[in-house]
Amino acid sequence: MLALVDCNNFYASCERLFQPSYRRKPLIVLSNNDGCVIARSNEAKALGIEMGVPLFKIRPLVERHGIALFSSNFPLYGDISARVMQVLGGMTPQLEVYSIDEAFMEVPTQDLGCFGREVHLRVRKWVGIPVTVGIGKTKTLAKVASFIGKRRNTLYHICDSKDLLQVPVGEVWGIGRAFATKLKRRGIHTAACLAGASPDQVRRLLGVVGMRTCLELRGEIAYPLEKGPEPKKNIGVSRSFSQGVTDLEVLRGAAAHFAERAGEKLRAQGSHAAGLMVFLNTDRFQPNPYFGHTHVALCTSTNRSAPLIKAACAGLVQLFRHGLKYKKLGILATGLAPIDGGSLFTPYDAKPQRMQESIDAINKRYGRHCIQSALNLRNDWLGGKNSLSNRYTTAWDELPEVS
DNA sequence: TCTGGGGTCCTAGGACCC
DNA sequence: TCTGGGGTCCTAGGACCC
């Protein structure tokens, strides 16, 4: 049997962990630039705040009900997530960390209820975060169980066949808006109905992906538990700007920053990139937006910041058109491959490599961005985070104080 | 005025090879 | 007038996830 452990309203719960006065109060967490809602406490959900709505559309509601606002604080959420996963890792022979707030695990005992309750209690006690445990024969059924558990507000739920009747087909893991529309058009409205359909028919309608979901709902494993974390096949960094940017030099600062960040991510997973895709757009909500993208090949595969920055800036200059007001810039490292020491034909120069290692060592010891590209000094593209909480667990000068 | 960021997988079609 | 068969790799686009 498989369990899905899902942290309830994860980002909202993280904020409450260090500011308990917000318990039982409506609270929302906002995306970059305090733009959209990306997490809501149950009280905020009850007020009708939808996932993903832009803040400006719900301002009146926020003020009327005194809803607490938080800017997103990913250093905090990432650290709390790691603690939750560590606790889960101690309770199962096999854990698959699925996202920042979810993990699948093999249930090592016959007593499913006891296991579900124990997982909830242990995470609650050791980390302080509420989780819902869904148990089923497949990942998709564990997801169904978690859906029911959350709706009934229980600590855990074990999937049984009647549950599928209560789950709208669009709520099934793997069925998004487009698939749900196609299914409903053919009279398939619930998970039970999808499970009852013929897998071949579902395959013709939705392709193999849809068919796998159908099989999983019937109790047949199509997505086994994964062993270790696979290295990422793409690594991207992008940001929207709160104010439109017209100045190439400001964009260059942002491009350098993103390339440096991408380099950090590449080095962290031990990969090289062969190229860099650069994206530049104007406001997508205005008429005739500009969407530019270009690919820049790197002379040799690398994960060092300097050549990545150079490539990012080269791509940017290609895409830049005078007189436009840009709202978003992004880069994507492509052609990722593990570092293998290079081949006979790749030129290898140890010096820049050693320099990168030294920079990383200094930054690790004295703080991120202690040494960085001078281009990064131009950071006026950075948007505001008006309601940012402290990094309670990852920054010495922001630790909680007890008086 | 204000609208997130970071991923995955599958499929179809074109280029190219023998 | 007749115009093969089989394979790989790459890319773009669409669907999904949190």
Side-chain angles (χ1 to χ4, degrees), chain A residues 4-11 28-40 50-60 62 69-74 77-78 81 96-104 139-140 143 146-147 169-183 203-213 216 222-223 226 229-244 254 258 261-262 265 269 274-275 277 279 281-286 289 291 293-295 297 325 327-336 382-386:
Chain A
L4 170 72
V5 182
D6 196 334
C7 301
N8 302 344
N9 315 326
F10 182 55
Y11 302 161
I28 56 180
V29 179
L30 303 167
S31 65
N32 186 37
N33 301 323
D34 295 342
C36 295
V37 173
I38 56 169
R40 307 154 293 159
E50 297 289 319
M51 185 69 170
V53 284
L55 178 58
F56 73 87
K57 285 192 181 168
I58 54 163
R59 269 286 182 204
V62 166
L69 302 180
F70 285 87
S71 303
S72 44
N73 183 349
F74 283 101
Y77 312 150
S81 169
E96 178 190 334
V97 176
Y98 177 68
S99 73
I100 194 165
D101 69 337
E102 278 172 65
F104 289 105
K139 286 183 175 176
T140 308
K143 278 271 192 185
S146 150
F147 175 82
V169 78
E171 298 291 341
V172 173
W173 187 51
I175 305 297
R177 222 193 327 205
F179 282 8
T181 307
K182 284 189 179 181
L183 289 168
R203 182 181 185 145
R204 277 194 292 278
L205 186 65
L206 308 177
V208 293
V209 182
M211 185 189 68
R212 283 180 195 147
T213 299
E216 286 240 319
Y223 299 108
E226 275 165 34
E230 290 292 304
K232 303 225 179 309
K233 296 170 179 170
N234 287 299
I235 285 182
V237 183
S238 67
R239 287 290 175 281
S240 295
F241 307 126
S242 49
Q243 248 83 52
F258 299 168
R261 184 75 197 98
K265 292 187 186 182
Q269 76 160 26
M277 187 75 98
F279 303 86
N281 346 315
T282 57
D283 192 340
R284 66 195 164 105
F285 297 100
Q286 295 299 316
F291 288 97
H293 69 276
T294 183
H295 188 259
K325 212 168 156 190
K327 279 291 282 186
K328 184 169 180 175
L329 173 67
I331 61 169
L332 185 70
T334 60
L336 266 50
L382 258 173
K385 290 201 172 205
N386 287 323

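Only this structure's heavy atoms are used, side chains among them; waters, hydrogens and symmetry mates stay out. So that the names make sense, note that chain A is the first sequence line, chain B the second, and so on, each numbered from 1.
- Helical stems in DNA chain C, defined as runs of 3 or more consecutive Watson-Crick or G-U wobble pairs with both donor-acceptor distances under 3.5 Å, are listed by first residue as B:5-18 with C:5-18.
- S240(A) meets the side-chain contact (heavy atoms from CB on, under 4.5 Å) test with N33(A), K328(A); sequence neighbours excluded.
- Distance, F70(A) CZ to dG4(B) C1': 19 Å, rounded to whole Å.
- For Y98(A), the ring-ring contact (aromatic ring centres under 6.0 Å, His included) partners at least two apart in sequence or on another chain are F104(A), W173(A).
- OP1 or OP2 of dG6(B) lies within a sub-4.0 Å distance of a side-chain N or O belonging to S238(A).
- Residue S72(A) has no polar side-chain atom (N or O) positioned under 4.0 Å from OP1 or OP2 of dG4(B).
- When rounded to the nearest whole Å, the span between CG of N33(A) and P of dT3(B) equals 7 Å.
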Can you build the contact string for nucleotides 8-18 of chain C? Use B for base contact, S for sugar-phosphate-only contact, and - for no protein heavy atom under 4.0 Å. -------SSSS
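- Looking at residues two or more places apart in sequence or on another chain, you find no salt bridge (Lys or Arg N to Asp or Glu O under 4.0 Å) involving R40(A).
- For the pair E226(A) CD and dG7(B) C1', the interatomic distance rounds to 13 Å; values are reported in whole Å.
- Between the P atom of dG6(B) and the OH atom of Y77(A) lies a distance of 16 Å, rounded to the nearest Å.
- Proximity of residues 229-237 of chain A to DNA chain B (heavy atom under 4.0 angstrom from any strand atom) is restricted to K232(A), K233(A), N234(A), I235(A), G236(A), V237(A).
- Per the geometry, CZ belonging to R239(A) stands 9 Å off C1' belonging to dG4(B), to the nearest Å.
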Can you check side-chain contact (heavy atoms from CB on, under 4.5 Å) on L30(A) and L55(A), steps first, answer last? CA-CA 8 Å; L30(A) 303 167; L55(A) 178 58; 3.8 Å; yes
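- The side-chain contact (heavy atoms from CB on, under 4.5 Å) test applied to R284(A) returns F291(A), not counting sequence neighbours.
- The shortest distance between the side-chain N/O atoms of K265(A) and the OP1/OP2 oxygens of dG7(B) is below 4.0 Å.
- Contact between the side-chain N/O atoms of K57(A) and the OP1/OP2 oxygens of dT3(B) is not found at any separation under 4.0 Å.
- OP1 or OP2 of dG4(B) lies within a sub-4.0 Å distance of a side-chain N or O belonging to R284(A).
- With sequence neighbours excluded, the residues that form a side-chain contact (heavy atoms from CB on, under 4.5 Å) with P231(A) are Q269(A).
- With sequence neighbours excluded, no residue forms a side chain to side chain donor-acceptor pair (under 3.5 Å) with H293(A).
- Counting any heavy atom pair closer than 4.0 Å across all strands shown, R261(A) reaches no nucleic acid atom.
- With rounding to whole Å, F285(A) atom CZ is found 11 Å from dC2(B) atom P.
- Scanning for ring-ring contact (aromatic ring centres under 6.0 Å, His included) contacts around F10(A) gives an empty result, with sequence neighbours left out.
- Taking 4.0 Å as the cut-off between side-chain N and carboxylate O, E102(A) and K143(A) count as a salt-bridged pair.
- Residues passing the salt bridge (Lys or Arg N to Asp or Glu O under 4.0 Å) test with D283(A): none are found, sequence neighbours excluded.
- The side chain to side chain donor-acceptor pair (under 3.5 Å) search around R239(A) returns none, not counting sequence neighbours.
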